[in-house]
> 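First, the structure itself, so that you have it in front of you.
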Amino acid sequence: MKSDQVGFTAAVVTVSDKGAAGEREDRSGAVVRELLEGAGIQVERTAIVPDDLEALKELLSELCSEGLNLVVTTGGTGLSPRDVTPEATLAVIDKEIPGMAEAMRAESLKVTPHAMISRAVCGMKGTTLLINLPGSPKGAAECLGVVMGALPHALEVAAGEVSECATEPPASG
């Protein structure tokens, strides 16, 4: 649901066993929240959950059913046996948006070769956009920065506020 005062609404979900157990400060979730709010997106919900597939699927489904425009996860996108964020996201979304995840990986490869092992997924559940980010504060900020320019238009289209993709014709000359 669109908020009249600050634009679109979002939830930030940190996926971390240690964070959920109170053994680690949630710095990545805080960074993501700050960046979203700086862009005029109102963060209405935050959560820190363990790397548990069923619990994460349930939470993501719940958040999407609340009418939020955007759900951003941080953590759980790597190769660890406990990393299940992409699987939970794929189980919840109706359609994948591979270009967003591909763009994040491509830009991240300029910074670290470890970007190629990210399994982050982006997609839509109804009118809610879901974006998986890495668990490190630096990686989460960098990847969110990559897609931030496309977010307003993506959220407008998803909410039904724009009926077609607005594109600029190529410059001639």
Side-chain angles (χ1 to χ4, degrees), residues 7-8 10-20 23-41 43 45-53 56-57 59-60 63-64 68-125 128-158 165 167-168:
F8 292 101
V12 176
V13 178
T14 300
V15 185
S16 166
D17 286 335
K18 289 184 179 181
E23 298 172 6
R24 178 185 295 158
E25 178 186 356
D26 178 22
R27 295 186 306 128
S28 59
V31 165
V32 170
R33 180 182 189 138
E34 182 179 318
L35 290 171
L36 291 174
E37 290 180 342
I41 298 171
V43 176
R45 297 257 322 256
T46 60
I48 304 172
V49 298
D51 295 275
D52 176 273
L53 180 62
L56 184 54
K57 285 182 352 187
L59 177 61
L60 294 177
L63 292 170
C64 291
L68 296 167
N69 301 106
L70 177 65
V71 175
V72 180
T73 66
T74 176
T77 61
L79 301 178
S80 162
R82 298 276 304 155
D83 289 337
V84 295
T85 303
E87 289 77 14
T89 303
L90 287 168
V92 169
I93 62 175
D94 302 318
K95 53 186 157 188
E96 197 170 348
I97 307 172
M100 292 183 110
E102 291 165 4
M104 290 188 295
R105 278 188 281 278
E107 261 323 287
S108 295
L109 273 170
K110 296 176 183 177
V111 178
T112 176
H114 299 155
M116 68 180 77
I117 62 174
S118 167
R119 299 178 314 109
V121 172
C122 300
M124 296 295 304
K125 170 69 173 172
T128 303
L129 174 61
L130 288 89
I131 298 175
N132 296 163
L133 299 175
S136 76
K138 182 178 183 291
E142 288 171 353
C143 287
L144 185 56
V146 171
V147 299
M148 195 63 89
L151 273 183
H153 182 69
L155 295 174
E156 288 171 355
V157 171
C165 188
T167 60
E168 294 290 323

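We number each residue from 1, following the sequence as shown.
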> What distance separates T74 OG1 from L144 CG, expressed to the nearest 0.5 Å?
9.5 Å

> Looking at A20 and I48, what are the two nearest heavy atoms and their distance?
N-CG2, 3.4 Å

> Below 4.5 Å, heavy atoms only, C-beta onward: do E96 and M124 meet side chain to side chain?
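Answer no - side chains too far apart.
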
> What distance separates C122 SG from I93 CD1, expressed to the nearest 0.5 Å?
8.5 Å

> Looking at R119 and E87, is there a salt bridge between them, counting it only when a charged N and a carboxylate O are closer than 4.0 Å?
yes

> Restricting to side chain to side chain donor-acceptor pair (under 3.5 Å), what partner residues turn up for K18, sequence neighbours left out?
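Per chain and number, K18 pairs via side chain to side chain donor-acceptor pair (under 3.5 Å) with no residue.
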
> If you take all heavy atoms of S118 and R105, which pair is closest and at what distance?
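Residues S118 and R105, closest heavy atoms: O-NH1, 3.4 Å.
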
> Quick check: closest heavy atoms across P134 and T77, and the distance to 0.1 Å?
CA-OG1, 3.9 Å

> How long is the gap from CD on E142 to CD on E107, to the nearest 0.5 Å?
9.5 Å

> Any salt bridge (charged side-chain N to carboxylate O under 4.0 Å, His left out) pairs touching residues 73-84, not counting sequence neighbours?
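The answer is D17-R82.
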
> Around E37, counting heavy atoms of other residues, nucleotides and ligands shown, do more than 12 lie under 6.0 Å from its CD?
yes

> Considering all heavy atoms of both residues, which atom of C64 and which atom of V92 are nearest to each other, and what is their separation?
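Where C64 meets V92 most closely, the heavy atoms are SG-CG1, 4.5 Å.
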
> Quick check against the 3.5 Å criterion: does T112 have a side-chain atom that pairs as donor or acceptor with the backbone of A115?
no

> What's the shortest heavy-atom distance between L36 and A10, and which atoms?
CD1-CB, 4.2 Å

> Name all residues meeting the side chain to side chain donor-acceptor pair (under 3.5 Å) criterion together with E102; count only those two or more places apart in sequence or in a different chain, and write none if there are none.
none

> Working to the nearest 0.5 angstrom, can you tell me the gap between S28 OG and L133 CG?
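That separation rounds to 8.5 Å.
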
> So do the side chains of L56 and V13 get within less than 4.5 Å of each other, counting heavy atoms only?
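With C-beta onward as the side chain, the pair touches.
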
> Go through the side-chain N and O atoms of D26 and T14 and say whether any donor and acceptor fall under 3.5 Å apart.
yes

> So T73 and I131, side chain to side chain contact (heavy atoms under 4.5 Å, CB included) or not? Walk me through it.
CA-CA 6 Å; T73 66; I131 298 175; over 6 Å; no

> To the nearest 0.5 Å, what is the distance between CD1 on I41 and CG on L70?
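If I round to the nearest 0.5 Å, the distance is 5.5 Å.
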
> Could you check N132 against T89 for side-chain hydrogen bond (donor to acceptor under 3.5 Å, both in side chains), going step by step and ending with a plain yes or no?
CA-CA 8 Å; N132 296 163; T89 303; 3.0 Å; yes

> Side chain to side chain contact (heavy atoms under 4.5 Å, CB included) between V84 and D52: does it pass, once the steps are laid out?
CA-CA 7 Å; V84 295; D52 176 273; 6.0 Å; no

> Return the NZ to CG distance between K57 and L60, rounded to the nearest 0.5 Å.
10.5 Å

> What closest approach, in Å, do L129 and A154 show between heavy atoms, and which atom pair accounts for it?
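Shortest heavy-atom separation between L129 and A154 comes out as CD2-CB, 4.4 Å.
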
> Applying side chain to side chain contact (heavy atoms under 4.5 Å, CB included), run through V111 and K138 and close with a yes or a no.
CA-CA 11 Å; V111 178; K138 182 178 183 291; 3.4 Å; yes

